[in-house]
2 protein chains.
Amino acid sequence: MGARDVRPVTSVDVAKRAGVSQSAVSRAFSRMASIAPGTREKILRAAAELGYRPNRIPAIMLSGRSGMVGVVVGGLSNPFYVSALEHLVGALRDQGLQVLLVHVDDALTLDSALDQLLGYRIDAVVTALAIGSAAVARALGALRIPVICFNSRLTGPWISTVSSDNRAAGVVAARLLAERGVVRPVWLAGPLRNVASVARGDGFRAGLGALAGDLVSLRGDDTYESGYDAVSGMLTRGVRPDGMFCSNDMMACGAIDALRERGGLLCPEDVVLLGYDNIPQGAWRAYDLTTFDQGVERLVEAACGILAEALTDGAGPVSQNPVIEALLVERGSSGGG
Amino acid sequence: MGARDVRPVTSVDVAKRAGVSQSAVSRAFSRMASIAPGTREKILRAAAELGYRPNRIPAIMLSGRSGMVGVVVGGLSNPFYVSALEHLVGALRDQGLQVLLVHVDDALTLDSALDQLLGYRIDAVVTALAIGSAAVARALGALRIPVICFNSRLTGPWISTVSSDNRAAGVVAARLLAERGVVRPVWLAGPLRNVASVARGDGFRAGLGALAGDLVSLRGDDTYESGYDAVSGMLTRGVRPDGMFCSNDMMACGAIDALRERGGLLCPEDVVLLGYDNIPQGAWRAYDLTTFDQGVERLVEAACGILAEALTDGAGPVSQNPVIEALLVERGSSGGG
DNA sequence: GATAAAATTGCATAGCTATGCAATCAAAGG
DNA sequence: CCTTTGATTGCATAGCTATGCAATTTTATC
């Protein structure tokens with residue numbers, strides 16, 4: 001007596017029990033359908049008795065729309081992306097959309113993941129990854145599948161990107177350090193393929209003005225360890241900064257720990273330090289990190305707005321690229337808060 | 001010219017182009033099907049030219065199995081659960097299963113979430129939440145849908161639970177503190193509904209032996225802030241421990257910060273402190289936390305093994321409750337490492 | 001070269017719901 | 001009581017693939 005030997009209850013079963021037609025059952029479960037209140041109630045009762053649950057699969061076949069969105073995530077080790085995912089799932093649910101989650105790591109190319117998803121006739125793709133492959137983008141475009149990215153650079157008729165204003169935040173960071181009297185600034189960048197990080201660095205350099213000539217640039221890979229290592233190396237080389245801007249909060253935490261342990265430097269007394277993302281750990285007392293809040297809620301809201309538009313019947317290709325202002329959250333590491 | 005005006009390419013289209021029957025196309029995309037290599041190649045070429053992608057939806061209708069597993073998560077603010085999710089998604093993918101993700105918070109009850117999922121004919125449910133509602137459990141059981149929980153207490157013919165050996169770890173924690181000469185131990189518990197936390201506390205108390213009489217118990221809600229607040233309150237009341245076991249790492253980090261900031265107490269010099277979960281942040285230098293590693297890989301592996309068995313054709317109800325040993329990871333907060 | 005065996009291919013169908021259309025029924029107006 | 005209008009219901013079908021079965025072709029064996 002295995003799981004699959006039990007034929008699930010169908011609308012026909014319910015119809016038989018309620019003494020109505022199958023279409024009446026279908027209508028009883030549809031909001032806008034025309035059906036007499038009494039009939040509906042009778043059907044719902046019969047359905048409850050039998051444990052009937054409307055099957056969405058046939059409707060998907062007819063409409064070609066599954067109500068599912070493929071969400072592709074990469075490094076969930078960064079709490080910022082976790083938070084974004086959390087909000088995204090909730091927001092999509094509010095639009096009646098389900099989330100088909102794919103986790104992409106080195107072993108699995110994005111292409112293969114999407115191949116899988118396309119078999120399920122997903123309505124759209126949302127991703128925090130930079131979709132590197134133009135081929136993938138083109139393929140999705142050909143299938144008329146809207147793609148929404150976070151902080152990417154990709155463009156195309158069916159591709160949208162929501163970003164925080166990385167460059168502007170970089171400028172603000174530079175101004176803040178200047179205000180605090182910083183004269184030996186350091187920029188701790190993320191990996192080159194991270195477009196957002198590059199923009200933050202550009203803004204920072206631009207905002208420094210004359211000071212930019214003395215700027216020391218370090219590179220990490222967006223992890224805590226890489227921040228710790230980059231700063232350790234810098235201290236070993238004898239560089240002792242009095243201000244730092246880190247491309248994300250995890251690296252910033254690593255930087256703070258390295259400054260203290262390897263250089264005896266404290267924030268903000270010796271180094272005015274800023275991060276980016278406003279992850280929960282940045283607020284932990286050991287770090288008390290001043291940072292930029294990307295406004296996950298607003299990013300997600302924008303993404304869902306675009307999605308709703310793109311999924312409207314009869315809509316053409318939708319391609320938008322809203323930019324959300326990142327807000328400075330001042331805490332101890334900059335001497336504020 | 002909207003997205004839905006473009007009829008997707010079907011197997012019939014491919015068949016026409018390749019000059020074969022529709023069934024041949026179906027077989028070309030099936031691994032075990034009998035088809036001549038030449039024919040398959042011809043079909044695959046035609047499929048590539050047309051951009052055909054096999055549609056899984058009709059197969060779901062026929063088989064009643066969607067190849068999708070509903071994964072229900074709660075607080076992703078705990079990196080441990082994020083890590084578990086990450087591994088789970090990968091492991092399920094290796095079994096050819098897709099993940100339909102649901103995030104449950106106050107606004108959304110588990111019942112309503114599952115209601116949604118059942119319309120998609122999910123094959124199973126995996127959750128890190130304690131499914132409180134026996135009604136839900138019964139409903140899923142009636143539908144012959146396997147449910148796999150992490151660290152729960154729920155039982156039933158179709159319900160399995162994988163846990164780490166919380167009680168044993170508690171005992172180990174107590175022994176370690178005793179070894180280190182602790183005489184004023186403190187237990188920082190999670191919320192009462194957290195079965196795992198209760199088991200850890202029981203084990204800890206049992207392992208303390210005679211010392212248990214002097215045990216001070218605090219309660220948090222598994223967040224950093226609650227750990228910080230609980231310990232702050234304790235210090236205010238004049239309690240100054242020399243050893244602590246915290247029900248999870250986030251609370252442990254909060255505890256460390258409170259001990260230092262509010263009591264001037266350092267780990268391990270003044271307080272030998274242990275956590276549970278081995279989250280990445282525990283390894284950050286500011287905390288250097290000794291903790292128990294639940295072995296996410298092994299937990300997930302066990303879960304997927306059960307799942308595979310439960311989804312085997314003709315299998316009856318599967319209910320297993322494996323317990324995985326948690327391994328002590330010694331770092332600085334206990335004076336080890 | 002003939003027969004047996006195996007491999008390949010095509011035909012026809014099941015699977016379950018939503019929906020257009022026609023039919024039926026009830027209510028309202030004269 | 002009859003007609004008109006609107007509400008409700010049933011009928012029939014589309015949607016696309018996987019698969020059992022039969023037909024056909026190829027290969028193997030003697």
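Quick caveat, the model's predicted, so the values are computed rather than measured. In what follows, chains are A, B, ... by sequence order, proteins preceding strands, each numbered from 1.
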Backbone N/O of A:I159 and side chain of A:S319: donor-acceptor pair under 3.5 Å: yes

B/S/- contact track for nucleotides 15-21 of chain D, protein heavy atom under 4.0 Å: BBBBBBB

Among B:T161, B:T127, B:N194, side-chain hydrogen bond (donor to acceptor under 3.5 Å, both in side chains) partner for B:S152: B:T161

Closest to the B:P37 side chain, choosing from D:dT9, C:dT9, C:dT8: C:dT8

Short side-chain to backbone donor-acceptor contact, A:Q95 and A:C304, under 3.5 Å: yes

N/O (side chain, B:T39) to phosphate O (OP1/OP2, C:dT9) under 4.0 Å: yes

Under 3.5 Å: donor-acceptor pair, side chain of A:D123, backbone of A:S66: yes

Backbone of A:G70 reached by a side-chain donor or acceptor of A:Y120 within 3.5 Å: no

